[in-house]
Each structure stands twice: as structure tokens, then as C-alpha cells.
Amino acid sequence: MTTQTAAPAHELTSIQVEVIGSALESICDEMGETLVKTSYSPNIKERRDCTTALFDAAGNTLAQAEHIPIHLGSLMGIVSEVMRAYPLDDIKEGDAFLGNDPYAGGGTHLHDIVLVTPIFIDGRLRAWASNLAHHSDFADRQHNHIFEEGLRIPPVRFLRDNEYVADVFRFILTNMQVPDERIADFNAQVASNRLAVRRYRELCEKYNADTLDRAGELLLDYTERKTRAGIAEIPNGRYTFHDTFDYTGFPHTLDMSVEVTVEDHDIHLTFSAPPQVRAGFNVVRTALEATVYYAIKTLVGKDIPSNGGLYRPIHVSAPLGSVLNSVSPAAVNVRTMTTQRVVDLVYGALANAIPGRVFAAANGAVASIVFSGTNPRTDRFYVYGESIGGGLGGGCESDGLDGVQAHITNTSNLPVESLESEYPLTVLRYELVNGSGGAGEHRGGMGIHRQIRADHDDCYAELETSRVHSHPWGLFGGGDGASSRIEVNGTESDVVQTVLAKGEFASMFTAGGGGYGEPSKRPQHEIERDVREERLSAEEATRLYGTSS
């Protein structure tokens with residue numbers, strides 16, 4: 001391709017770097033919209049359970065769309081794994097590579113399948129386009145170890161000369177429970193990356209490739225400086241916090257803690273956690289790092305770009321072989337449950353150091369439900385999966401939000417109309433859980449109640465959550481949020497997996513957020529508003545705030 005002459009790379013101004021950085025972010029955003037609008041499964045086209053990113057030739061993150069923070073753990077590992085598996089001279093224009101394995105593919109769990117495409121300019125590898133899509137498959141599984149959780153895909157060439165590698169594609173589809181959906185969603189992922197390749201080449205035509213390379217380096221350096229400046233606003237010192245982790249169907253409560261050390265412009269986070277377990281909530285290192293990067297970014301500068309410069313002053317460690325740094329063959333299917341607790345630990349540790357920036361604990365889980373079986377309308381197998389939001393913790397200036405996804409997940413609600421048109425299921429109730437937010441000067445947000453009925457026999461249902469035995473904690477005198485719970489046919493249950501007959505139903509009640517500040521300081525007009533809007537009954541208002549009107 002022919003590129004225009006641009007200013008020498010060493011003469012780039014800060015404004016030019018900012019403009020190019022914004023252009024890279026714009027490419028990621030457009031990739032994401034392409035993926036959502038061309039996909040087939042409700043999990044992607046409705047819930048937007050996907051993420052896009054651009055990397056430089058060495059695999060450093062240049063830009064990431066603001067989709068799902070935990071997905072960074074899968075994205076940032078895939079390029080290095082591809083280059084480890086394939087010699088550079090064997091990577092060609094028109095190739096694309098697929099992977100999902102947490103231990104040999106740069107992934108964090110098997111549902112999140114990453115497609116990465118090399119971008120060549122004038123025959124030279126200059127960058128990588130990457131997207132991740134959560135494929136609603138692998139239902140009715142056990143989670144004692146990784147081999148029970150689905151198909152492990154190490155980095156493998158998926159396209160050659162812009163065509164699917166037929167044997168690889170056939171092998172993958174044979175191991176999928178809903179192959180027609182997978183074909184359509186893979187097509188969407190390919191389209192998203194092809195758009196990115198085209199847009200990146202257009203940038204090169206405008207600025208030339210060397211300028212883009214240099215701008216990427218400067219952008220990472222700029223992000224590092226901003227991150228270090230934000231960290232420097234935290235008082236130097238050593239801060240600790242302890243919390244517990246519980247999970248439906250797991251008999252033990254696990255103790256976890258973090259020690260955060262702030263040294264001028266660097267921050268070190270040392271986690272303690274039990275040894276990895278025979279359950280699906282273990283966390284691989286890249287998932288832990290992605291969670292910590294998110295948490296620190298929210299505390300030191302929300303406007304900091306999401307690229308590799310953010311990672312440089314943040315140092316993370318956890319015992320190898322532990323729940324927070326697992327090794328093969330630990331199961332990892334619901335690792336987001338545990339990473340939510342990682343955010344709680346970081347926020348709890350830094351609450352006293354920067355009280356105006358930290359809010360109380362959110363619902364503390366990525367409560368998930370999966371229904372699957374044979375759809376009597378189509379005689380085909382289906383898999384419906386969704387994570388249900390909960391309450392956000394109260395902050396120093398406002399109440400916590402009700403019924404939202406918190407922290408490391410950012411998926412959208414699956415509308416009732418979409419769910420019932422796609423699957424043989426009926427939503428009986430979908431509502432906020434009144435009074436589930438912790439009391440406080442600024443109360444915690446309320447959790448969600450989602451009740452779903454099976455409209456066919458032999459409906460496999462899997463319901464999982466955390467904060468069942470513990471509570472999202474309040475800050476500075478604020479009350480705890482209500483815990484989560486699961487019901488099957490109206491009876492509370494700790495069974496994760498069950499089979500429903502036609503007409504039977506299951507419910508997920510998610511936790512509320514913790515409150516912030518002394519409840520006695522809550523303004524009277526806000527208490528009256530809560531009662532008026534039926535967020536609290538008069539009895540609940542009296543119990544929480546000592547008044548009902």
C-alpha cells in the first residue's frame with residue numbers, strides 16, 4: 001500500500017498523539033458495534049457480552065473498547081501465545097488465530113473465545129486486531145477441573161488467506177452444543193476484525209505506519225505518566241483488607257486478603273488466598289491482573305486510556321496454585337464471582353486512604369443463570385445464559401445504583417421480550433428487591449429478583465452466585481447490603497444444578513450494595529422519597545433509619 005508523507009515520528013506533538021490515540025479507540029468502538037450488530041446469539045446481540053481491542057506488533061495493548069473489564073485478561077494474553085505457537089515468518093496476511101484456553105491460550109474461561117488478526121502494512125506486521133465473544137455453549141457441565149468445562153482451544157490458525165481452515169472449523173463445531181449459533185457468531189467476529197484491519201490501514205494512509213508505531217509508544221508512555229500521577233495522590237503507606245468468599249454449592253467459606261503498598265508513583269498489591277479448589281471459581285493470573293488494573297484505574301483516574309501503559313506502575317502478586325493464581329487443571333468457569341471479591345478487597349484496603357473515591361461494596365457477585373434443553377418449537381438444543389445485576393454500593397456523594405452490573409462485568413440486560421421469543425421459557429417476575437440496599441447517609445443500591453419458568457420438560461437449570469452467607473459491606477457507618485439467595489419452585493435452595501419439569505420455575509435474588517455513612521445522617525426528604533416510591537416500606541424505613549416519614 002502507498003502511504004502519505006507525515007511528520008517524522010520523533011516530531012509528533014502531544015496533540016497528534018492524542019488524536020491518534022482517540023482514532024485507535026474509535027476503531028475499537030466501531031469493531032464492537034460491528035460485532036454486536038452482525039452477531040446472532042442473544043448473548044452478544046442483546047447483552048453485548050463481547051470486547052474489542054488493538055495491540056501493537058509486540059502485543060502491547062494500544063486501545064480497548066469500554067465493554068467488559070474482565071475480558072482484558074483474555075485479550076492481553078492471546079497475542080503472546082500466538083507468537084509463541086507460530087514463528088513470525090509463518091504468520092501471513094489473511095491469517096486469523098483463535099483461542100480460549102486459560103492455561104495455553106491466553107484465555108480466562110472457555111466461553112470467551114478470542115479471535116486475533118495480524119495487520120500487515122507493506123508486508124510488515126504492524127499491529128493486531130482482536131475481539132472476544134462469550135459463546136453461550138458448554139451447558140450441563142461439571143466444574144471439578146478444566147477438562148469438564150468445555151472445549152479447550154490453544155492458539156490455532158482459524159483463517160488462512162481470509163478463508164476458514166476447514167478442518168479446524170469442523171473440529172470446533174463438532175464440540176459445540178449449538179453449532180448454528182457458533183457459525184453466525186464466528187462470522188461476526190471475523191467481520192469485526194476485518195473492519196479493524198481496514199480502519200488501521202486508513203490511519204496508516206493518513207499518517208504513515210512509522211508515525212503510528214511511534215504514536216503508540218508515546219501513548220503508552222503518556223498513560224504510564226498519568227497512572228503514576230494518580231497513584232502519587234494516594235498517601236504512601238501499607239493498607240490491608242480482609243474479606244470472605246462464598247459460593248452456592250461450595251461447602252466452605254474462603255478467607256482472602258490483600259496488602260496494598262503505595263510507594264510514591266508505584267503501587268504493589270499482594271494477595272493471600274487458599275489453594276485452588278475443585279470448583280469453577282478459580283482465577284488465572286491474567287484475570288487477576290485485569291481486575292486489579294480496572295480497580296486501580298477507577299480510583300486514580302477514570303479518564304486514563306485503557307492501554308499497556310496503565311499496567312507498568314501496578315505490581316500484582318498472589319500465591320501460585322491458589323484460588324487467585326490457579327494452575328492447570330483448575331476449573332475457572334465462574335472466575336468472575338471471585339474477581340468481584342478482588343475489587344472488594346482493593347476498595348476496602350484503600351477506603352481510609354482515599355475515602356472520597358471509594359464507595360461501599362457492590363453486590364459482590366456475577367450472579368448467573370443458565371437454562372438449556374431441547375426447544376419444543378424447533379426440536380433443537382438451546383442454551384440461554386445470563387448474568388443478573390445487583391446493587392451498587394453507596395458513595396460519598398450519592399446512593400448506589402439499583403439493579404446494575406458492577407465492576408468487572410458490564411453486560412446489558414436481556415429484555416424479557418427477547419428471552420421469551422428466543423427460548424421456551426417464561427419470565428414470571430423481574431423486579432428490584434425492596435430494602436436490599438444497605439442503610440446509610442447514601443444507601444446501597446437494590447438487588448434484582450429474576451424468576452423464570454420452564455415451558456418444557458427436562459430443562460436443565462444452573463444458578464450460581466456469591467454473597468450468600470456474607471454481606472456486601474458498608475463504609476463509615478453504613479449498613480451492609482442484603483445477601484443473595486436462590487429459590488427453586490419457591491423454596492430456598494443451595495443446589496447449583498437442577499432439572500425442571502414443564503411449569504416449574506427458579507428464582508435468583510441478587511445482593512444489594514452496602515451503604516455509605518451513618519444512616520442517621522440521611523436527609524429526611526430522601527427517606528420520604530424511598531417510602532413514596534416503594535423502595536422501602538414504612539416498617540423497613542423505621543428499622544433502617546428510625547423513622548418512617
Side-chain angles (χ1 to χ4, degrees), residues 230-231 233-235 237-246 255-260 262 267 269 271 291-292 294-302 339-365 389-408 433 435-447 466-467 469-484 510-523 526-527 530 535-536 540-541 543-546:
I231 292 171
E233 295 179 4
I234 305 174
R238 184 168 297 173
Y239 308 96
T240 61
F241 194 75
H242 167 270
D243 207 339
T244 60
F245 177 81
D246 57 71
D255 292 325
M256 298 180 181
S257 63
V258 67
E259 181 179 274
V260 180
V262 180
I267 188 167
L269 301 98
F271 291 89
T291 303
V292 171
Y294 156 81
I296 297 301
K297 180 186 175 190
T298 62
L299 297 177
V300 304
K302 298 176 183 178
T339 53
Q340 290 285 58
R341 194 67 74 255
V342 169
V343 179
D344 289 342
L345 289 170
V346 175
Y347 274 38
L350 293 174
N352 288 318
I354 45 174
R357 300 186 187 182
V358 175
F359 48 86
N363 62 85
L392 198 66
C396 69
E397 297 181 347
S398 62
D399 293 343
L401 297 176
D402 301 321
V404 295
Q405 299 288 356
H407 294 317
I408 52 81
V433 182
S436 56
E441 180 180 3
H442 300 294
R443 69 163 179 83
M446 291 185 287
S466 183
R467 289 294 192 201
H469 304 295
S470 61
H471 295 266
W473 36 262
L475 275 179
F476 309 118
D480 293 344
S483 297
S484 302
T510 63
Y516 189 105
E518 296 288 344
S520 60
K521 296 180 180 178
R522 186 166 179 79
E526 294 187 3
I527 299 175
D530 288 345
R535 289 177 170 174
L536 293 176
E540 289 169 329
R543 175 176 58 84
L544 294 173
Y545 300 108

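Here the structure is a predicted model, which is why all the values come from computation and not from measurement.
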pair [X]-[Y]: side-chain heavy atoms closer than 4.5 Å:
X: V258; Y: T240; value: no
X: H407; Y: Q340; value: yes
X: T244; Y: H471; value: no
X: R467; Y: D344; value: yes
X: I231; Y: V262; value: yes
X: F245; Y: S466; value: yes
X: K297; Y: K302; value: no
X: F241; Y: V260; value: no

If you look only at distance, which donor and acceptor atoms sit under 3.5 Å apart when one is on a side chain in residues 346-359 and the other is two or more places apart or in another chain?
| residue | atom | partner | partner atom | Å |
| --- | --- | --- | --- | --- |
| Y347 | OH | T298 | OG1 | 2.7 |
| R357 | NH1 | L299 | O | 2.8 |
| R357 | NH2 | E233 | OE1 | 2.3 |

Go through the steps for R443 and D402 under the test side-chain contact (heavy atoms from CB on, under 4.5 Å), then give the verdict. CA-CA 10 Å; R443 69 163 179 83; D402 301 321; 3.3 Å; yes

Would you say [X]'s side chain and [Y]'s backbone share a donor-acceptor pair under 3.5 angstrom?
X: R341; Y: G364; value: yes
X: T510; Y: G389; value: yes
X: S436; Y: G447; value: yes

Full working for side chain to side chain donor-acceptor pair (under 3.5 Å) between S398 and H442: CA-CA 6 Å; S398 62; H442 300 294; over 6 Å; no

With rounding to the nearest 0.5 Å, note down the distance linking CD in E441 to CD in E526. 8.5 Å

Spacing of S257 atom OG and F271 atom CZ [to the nearest 0.5 Å]: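 Going from OG on S257 over to CZ on F271, the span is 9.5 Å.
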
Under the criterion side-chain contact (heavy atoms from CB on, under 4.5 Å), I'd like the reasoning laid out for D399 against R522: C-alpha separation, chi angles, the key distance, then a yes or no. CA-CA 10 Å; D399 293 343; R522 186 166 179 79; 2.9 Å; yes

Let me see the working for M256 and H242 under side-chain contact (heavy atoms from CB on, under 4.5 Å), right down to the final yes or no. CA-CA 6 Å; M256 298 180 181; H242 167 270; over 6 Å; no

Residue set satisfying salt bridge (charged side-chain N to carboxylate O under 4.0 Å, His left out) with D480, at least two apart, ordered chain then number -> none

Provide the closest heavy-atom pair for [X] versus [Y] in the form atom of the first, atom of the second, distance.
X: A482; Y: P472; result: O-CD, 3.8 Å
X: G474; Y: A360; result: CA-CB, 4.1 Å
X: G477; Y: P519; result: O-CD, 3.4 Å

Does Y239 have any ring pair (Phe, Tyr, Trp, His ring centres under 6.0 Å) partners at least two apart in sequence or in another chain, and if so, which?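 If we apply the ring pair (Phe, Tyr, Trp, His ring centres under 6.0 Å) test to Y239, skipping adjacent residues, there are no hits.
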
Under a 3.5 Å cutoff, is there a donor and acceptor pairing between the side chains of D246 and S470?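 Looking only at side-chain atoms, S470 and D246 do form a donor-acceptor pair, the distance falling under 3.5 Å.
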
